[in-house]
Visitor: 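Below you will find the structure I want to go over with you.
A, B, ... follow the sequence lines: proteins, then strands. Residue 1 opens every chain.
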2 protein chains.
Amino acid sequence: MDKELLRQINQLHAEICGGLSDPKRIAILYSLADKPQSVNELAAALETPQPTLSRHLKILRERGMVTAERDGANIYYALADKRIIKALDLLREVLGDHLSKRSALAEAIS
Amino acid sequence: MDKELLRQINQLHAEICGGLSDPKRIAILYSLADKPQSVNELAAALETPQPTLSRHLKILRERGMVTAERDGANIYYALADKRIIKALDLLREVLGDHLSKRSALAEAIS
DNA sequence: GACAGATATTCGCACATGGGAATATCTGTA
DNA sequence: TACAGATATTCCCATGTGCGAATATCTGTC
């Protein structure tokens, strides 16, 4: 494959991952995986100011990770692809294993 | 689950994802998935200065995403968990689908 | 100890990111 | 048009991130 093209793909790949690299955005994605919601519904569910939600949703939208559909005055956001949640779940598993190893180590040491 | 505990877990989850949110680190992880390598081997393979590699490897190490094992003067890094690559592959698939949709749309429009 | 190779760290800088506050831009309705 | 609700954007600030350059810290060998 062309080296420059590969660089661009890795860049886009990293940007998608960057979409996941914030606790609030992770919460948003899991919440949207449960069901599509409007901005205000998300704001209530996640106890987060609406402008903050809008900014995070813009980031996720630009990366193609959520979809936005207008219904009257509301805009309903939805998870664009369930594989995003599968990826998050995998990484959460890795985190869990890593933590349990560390605490096992911590126990062994103390 | 305790709300504060959940916040901390989401924070760690986001930090792992942050480990993926850089093109060079993605290249490092894929390269290590192929085979464990020393820092200089990685530097040669990825055409990246050694100090840059060391800094990225530190980030991945701190998040438990790679392991480091000393062998003489060399330190061999390895992928800590194959699920990290599985997650990356899933996201790369999502990226691919998103791009092909966009270019299909671009064709349809033009 | 002296030296060379391998790896890690520090410094300085340019740039991106997240958030609160305020405001602007819609949309539907009277 | 006026108004209220929903969503998006902007400004400002504090903080984080990546990198080049230089330097420091190992490790093995003589």
Side-chain angles (χ1 to χ4, degrees), chain A residues 7-8 10-29 31-32 35-80, chain B residues 7-8 10-29 31-32 35-80:
Chain A
R7 244 181 43 85
Q8 289 187 21
N10 275 341
Q11 177 64 36
L12 292 173
H13 200 171
E15 282 174 11
I16 287 203
C17 294
L20 304 176
S21 67
D22 179 277
K24 292 222 169 95
R25 287 200 292 271
I26 290 180
I28 290 173
L29 290 168
S31 190
L32 290 182
K35 62 174 185 295
Q37 290 164 77
S38 69
V39 179
N40 274 341
E41 285 173 340
L42 278 173
L46 306 181
E47 301 177 10
T48 301
Q50 172 267 318
T52 299
L53 255 295
S54 275
R55 269 184 274 119
H56 283 303
L57 287 169
K58 180 181 186 179
I59 291 172
L60 295 172
R61 218 189 317 127
E62 288 171 345
R63 290 162 167 76
M65 304 168 76
V66 301
T67 60
E69 190 177 347
R70 163 150 260 143
D71 178 18
N74 301 313
I75 296 186
Y76 283 88
Y77 280 87
L79 185 65
Chain B
R7 244 180 43 85
Q8 289 186 21
N10 275 342
Q11 176 65 35
L12 292 173
H13 199 171
E15 282 174 12
I16 287 204
C17 295
L20 305 175
S21 67
D22 179 277
K24 292 221 170 97
R25 286 199 293 273
I26 290 179
I28 291 172
L29 290 168
S31 189
L32 290 182
K35 62 175 185 292
Q37 289 164 77
S38 69
V39 179
N40 275 340
E41 286 172 338
L42 278 173
L46 306 181
E47 301 178 9
T48 301
Q50 174 266 318
T52 299
L53 254 296
S54 274
R55 269 183 274 119
H56 282 303
L57 288 169
K58 180 181 185 179
I59 291 172
L60 294 173
R61 218 189 318 126
E62 287 172 344
R63 290 161 166 76
M65 304 168 75
V66 301
T67 61
E69 191 176 345
R70 163 151 259 143
D71 177 19
N74 302 312
I75 296 185
Y76 283 88
Y77 280 87
L79 185 65

Visitor: Using a cut-off of strictly less than 4.0 Å between a heavy atom of the residue and any atom of DNA chain D, enumerate the qualifying residues of residues 15-25 of chain B by number.
Guide: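 When residues 15-25 of chain B is checked for heavy atoms under 4.0 Å from DNA chain D, the hits, listed by number, are B/Asp22, B/Lys24, B/Arg25.
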
Visitor: Indicate whether OP1 or OP2 belonging to C/dT17 is found under 4.0 Å from a side-chain N or O atom of A/His56.
Guide: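 False: A/His56 side-chain N/O out of range (4.0 Å or more) of C/dT17 OP1/OP2.
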
Visitor: If you look only at pairs with a residue in residues 14-28 of chain B, which of them pass as a side chain to side chain donor-acceptor pair (under 3.5 Å), with sequence neighbours excluded?
Guide: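 Non-adjacent pairs meeting side chain to side chain donor-acceptor pair (under 3.5 Å): B/Gln11-B/Glu15, B/Arg25-B/His56.
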
Visitor: What string of B, S and - do you get for nucleotides 9-14 of chain D, 5' to 3', if B is base contact, S is sugar-phosphate-only contact and - is no contact with any protein heavy atom under 4.0 Å?
Guide: BB----

Visitor: Grab the N/O contacts between the protein and nucleotides 1-4 of chain D below 3.5 Å, and write none if there aren't any.
Guide:
none

Visitor: My understanding is that only residues two or more places apart in sequence, or in another chain, count here; which of them pass side-chain contact (heavy atoms from CB on, under 4.5 Å) with B/Pro36?
Guide: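 With sequence neighbours excluded, B/Pro36 shows a side-chain contact (heavy atoms from CB on, under 4.5 Å) to B/Ala78, given in chain and number order.
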
Visitor: B/Asn74 side chain N/O closer than 4.0 Å to the phosphate oxygens (OP1, OP2) of C/dA6?
Guide: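 The answer is no; no side-chain N or O of B/Asn74 sits under 4.0 Å from OP1 or OP2.
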
Visitor: Going by atom type alone, with no hydrogens or angles, which donor-acceptor pairs under 3.5 Å involve a side-chain atom of residues 42-50 of chain A and a protein atom two or more places apart or on another chain?
Guide:
unit_1: A/Glu47; atom_1: OE2; unit_2: B/Lys3; atom_2: NZ; d: 3.2
unit_1: A/Thr48; atom_1: OG1; unit_2: A/Leu46; atom_2: O; d: 2.9
unit_1: A/Gln50; atom_1: NE2; unit_2: A/Ser54; atom_2: OG; d: 3.2

Visitor: List for me each residue that meets side-chain contact (heavy atoms from CB on, under 4.5 Å) alongside A/Glu62, sequence neighbours excluded, and say none if there are none.
Guide: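 In terms of side-chain contact (heavy atoms from CB on, under 4.5 Å), with neighbours along the sequence ignored, A/Glu62 is linked to A/Lys58.
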
Visitor: Please identify each residue that fulfils side-chain hydrogen bond (donor to acceptor under 3.5 Å, both in side chains) with B/Arg55, with sequence neighbours left out.
Guide: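 Expected list: none.
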
Visitor: May I ask you to say what A/Tyr76 touches in the nucleic acid, namely base, sugar-phosphate or nothing, with a heavy-atom cut-off under 4.0 Å?
Guide: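 It contacts nothing in the nucleic acid.
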
Visitor: Can you name the residues that form a side-chain contact (heavy atoms from CB on, under 4.5 Å) with A/Asn74, not counting sequence neighbours?
Guide: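 side-chain contact (heavy atoms from CB on, under 4.5 Å) list for A/Asn74, sorted by chain: A/Ser38, A/Tyr76.
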
Visitor: Going 5' to 3' along nucleotides 24-30 of chain C, which nucleotides have protein heavy atoms under 4.0 Å from the base (write B), which only from the sugar-phosphate (write S), and which from neither (write -)?
Guide: --SSS--

Visitor: Taking only residues two or more places apart in sequence or in another chain, which ones pass side-chain contact (heavy atoms from CB on, under 4.5 Å) with A/Gln8?
Guide: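 Here the qualifying residues are A/Glu4.
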
